[in-house]
Visitor: 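I'd like to ask you about the structure that follows.
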Amino acid sequence: MMIAKVIVDIPVKETDRPFDYKIPLEFESFIQPGMRVLVPFGPMKRLGFILSIEKQSEIKNLKAISQVIDPTPVLTTELLSLGKWLSAETLCPRLFAFSAMLPAVLKGNYKKIVRINDKESLARDYPTLLDILLNKPEMEWTELLKKEPQQSDSLNAAMKKGYISIIQWIKNDRRTYKRIRYITTALSKDELMDVSSKLDKRSLKQKQVLEYFINQESHLKVEITEILKRLNIGPSSIKQLVKKGYLVETTEEVYRDPYADKEIERTTSLPLTTTQKNALAPIQESIRSQTHEVFLCHGVTGSGKTEVYLQAIEKILNMGKEAIVLVPEIALTPQMVHRFKGRFGDEVAVLHSGLSQGEKYDEWRKVLEGTVHVAVGARSAIFAPFKNLGLIVIDEEHETSYKQEEQPRYHARDVAIFRGKYHQCPVVLGSATPSLESYARAKKGVYHLIQLLERVNQRSLPEVQMVDMREELRANNHSMFSKQLFEKLQDRLEKKEQSVLFLNRRGYSTFVMCRDCGYVVQCPHCDISLTYHRKQGMLKCHYCGHQEPYPSRCPECMGSHLRYFGTGTQRVEEELTKVLPEARVIRMDVDTTQRKGSHEKLLTAFGEGKADILLGTQMIAKGLDFPKVTLVGVLAADAMLHLPDFRSSEKTFQLLTQVSGRAGRDKLPGEVIIQSYSTEHYSIIHASNHDYQSFYDQEMQMRYRHHYPPFYYLAMITLSHTQVTKVVDTAEKIADHLKKGLSSGAQILGPTSSAIPRIKDRYRYQCMVKYKREPNLLSLLKRIQEHYPTGTKNDDLKITIDLNPFLMM
DNA sequence: AGCACGCCGACT
DNA sequence: GTCGGCGTGCTC
């Protein structure tokens, strides 16, 4: 008898271990690890992943697998072991690790429905109930109670008497396939003409259809929709002809292709500069010798990194292997996709959040089924189920979006290195502003450093001018635009060139304060000030989504002198229409890009010159390439400099460098204006000089002094509870555990209240561990996690453990 | 997650 | 003396 070890689809730590099941004989011949199965678990049926197949089991009275869901495994052997590693490294249930690797449509969908056991008795005692149940046989139990509250007594009574019972229903397969219907015919042209002449005189439309087939060059199948469109008829006449046997209908399953109706011009390799060749050579050598190595490709904006990736991938494809390219979600613009589709055409699957669930599933399936050999996508594309990986590229390596902030809290870079080792293939990290961690590793020789420090075509980097806003204030300029920036904006308007304005804050203002008593309007559920959104006249909380109307009087002192402070994109937009009324402005932030496709639409409009100024947050900093942009303005360079995050200098430097790179992409020279209240800060100075090296040196000293990465590793434990006392108590106990369990080399900070002490009515405390080598840390944290049961109804405590955190709040 | 088992308060 | 509260523990 064969036994399967199965991870059951219940995401709690108590069930985070394999359970053994008998494999019924009829499944033995094809069942494999990595397939999903349906298994009885206690009183219910659940989906599960087969980890392995064994000869025997320690456990007696095994239950049997009820059903095998997948005809072929959805997880490869490699991904199964990657899942084990991920769950161990990030302290999350293995199920979460597996779920993160698969498209959403493959998740189990459980429903509780009412089953009728005794129809006769039910008809006799509760006829109305029976009527309802027969009408909606698969209605979910909770839904039924909501829609038919007056029936709840009858339901309970019928249940007690055993006339009905609740059973669990698994819609285990939400996969949908797109099918295309084709029409073809087995008849020859002569035969068709014969048929046509014998048709009833009134069958005009049918004759048209037959004629269409007679005029076809060959007997190729034609899409049914194509015929309908061509002849401008309804489907009934075709149906008739099929019924009579003259035509044949076939259906074929196809992949949804999100890029089907886009004409993408094919490109071929560009000649490389010497620097590019030197960059490519070591990567090719690693590919050729099939050795795992991590390359850090430090290339300034416009140095032609992408072409190096493309040519490395070309080599991979020639060897019959596969490649993954990761790009940050916001940089996954149509422009970027075009470059890969243009070079490799149908060899590319694109995975990003803009696709529908079905589209995502199809792109993923192309990878699994081997119909494509390149996957381009955001973070989760690192799990693309290739079997013969030859190269992994992570572009914009420093981007924080590569770290997932929910379980499993993984960093795509770490997963890439795991897979690179497994497949003995190179991993290429690329960035103009590498993360300090990666650059330090490269300097130590752990990674292989590749430098691309000149721009192709010798275009010079844009000139950057810094403006001290304190001096503007002194010169009595209270506007958000400095004199210099304003003049240059006017100048571009006259010259019909475009400008980009960057402000890392959405909404209208950052906070609303009463000038009489100093009261700042705060979210009632979170300890954070509310942001004024002028268009809706609402105050919004950017953390929990709470909103309330803008008060006419101060809620504290009833004074009428409420004023908003700080500037958001909405306010800049309003100001622009006042001071530059002739300028056409496109604003891009979360609020204007919520609808699907609006992001792309706004960018296209700007690219086509339908606006003079593009104003936006974070999301406009990356990957945009508009030749007519000759001016970039950063309105408040220090906006994120003073956030409670040790990476804030690094982030500021990276952002300023990115934004500056948007200017002068083409023949016209670019100019950048950086406005700031901290013009003397090193990250702003070095960014304006395009000087990564000096920034790196100075920032490394900071990190060294304060014991931060890359000199130390971090682990963050965050607790939350609706009661402050509970959080503080537990946090202190946990800190004690850590102090006892770790070496003297580890520092335990806290517990302290989080930067935002309360979100959604939950108080938040945190504990941070700084360490260099703590072999016991993972097991200790795991014990802490197990000791404090989280999420149970009786105790509302939540503990999250984040190793190498990116979010300090 | 979902359910059974088990030990303490207000009821026929 | 029993019904039922939800705390605890198990599910192959």
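No hydrogens, no waters, no symmetry mates; every other heavy atom, side chains included, goes into these values. Every chain is numbered from 1 and lettered A, B, ... according to where its sequence line falls, protein lines coming before strand lines.
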Visitor: What's the closest nucleotide to the side chain of A:Pro43 if the choices are C:dC12, B:dA1, B:dG2?
Guide: B:dG2
Visitor: Dot-bracket, 5' to 3', for DNA chain B please: Watson-Crick or G-U pairs under 3.5 Å, [ ] where pairs cross earlier ones, | where the partner sits on another strand, dots elsewhere.
Guide: |||||||||||.
Visitor: Whole-Å distance between B:dG2 P and A:Phe41 CZ?
Guide: 12 Å
Visitor: Side chains of A:Gln407 and A:Thr90: do they bring a donor and an acceptor to under 3.5 Å?
Guide: no
Visitor: What is the distance from CE of A:Met44 to C1' of B:dG2, rounded to the nearest Å?
Guide: 5 Å
Visitor: Base, sugar-phosphate or nothing for A:Pro11? Non-hydrogen atoms, less than 4.0 Å.
Guide: nothing
Visitor: Tell me every residue that passes side chain to side chain donor-acceptor pair (under 3.5 Å) with A:Arg419, counting only those two or more places apart in sequence or in another chain.
Guide: A:Glu78
Visitor: With sequence neighbours excluded, what pairs up with A:Glu54 under the side-chain contact (heavy atoms from CB on, under 4.5 Å) test?
Guide: A:Ile3, A:Lys5, A:Ser52
Visitor: Can you tell me if CD on A:Gln56 sees more than 12 non-hydrogen neighbours from other groups inside 6.0 Å?
Guide: no
Visitor: Could you tell me the separation between the NZ atom of A:Lys13 and the P atom of C:dG9, rounded to a whole number of Å?
Guide: 13 Å
Visitor: Between A:Asp9 (CG) and B:dA1 (P), how many Å, whole number?
Guide: 11 Å
Visitor: Please report the distance, rounded to the nearest Å, between CD1 in A:Ile65 and P in C:dT11.
Guide: 18 Å
Visitor: In whole angstrom, what separates A:Met2's CE from C:dC12's P?
Guide: 21 Å
Visitor: Between atom CD1 in A:Ile10 and atom P in B:dC3, what is the gap in whole Å?
Guide: 11 Å
Visitor: Quick one: label A:Leu62 by what it contacts on the DNA or RNA (base, sugar-phosphate, nothing), any heavy atom closer than 4.0 Å.
Guide: sugar-phosphate
Visitor: Whole angstrom is fine here: how far is it from CG in A:Leu38 over to C1' in C:dC12?
Guide: 15 Å
Visitor: Check this for me, if you would: do A:Glu399 and A:Arg379 make a salt bridge, where the nitrogen-to-carboxylate-oxygen distance has to be below 4.0 angstrom?
Guide: no
Visitor: Which is true for A:Thr15 with a 4.0 Å heavy-atom rule: it touches a base, it touches only sugar-phosphate, or it touches nothing?
Guide: base
Visitor: Would you call A:Lys726-A:Asp729 a salt bridge at under 4.0 Å N-O?
Guide: no
Visitor: Taking only Lys NZ, Arg NE, NH1 and NH2, and the carboxylate oxygens of Asp or Glu, determine whether A:Arg783 and A:Glu786 approach each other closer than 4.0 Å.
Guide: no
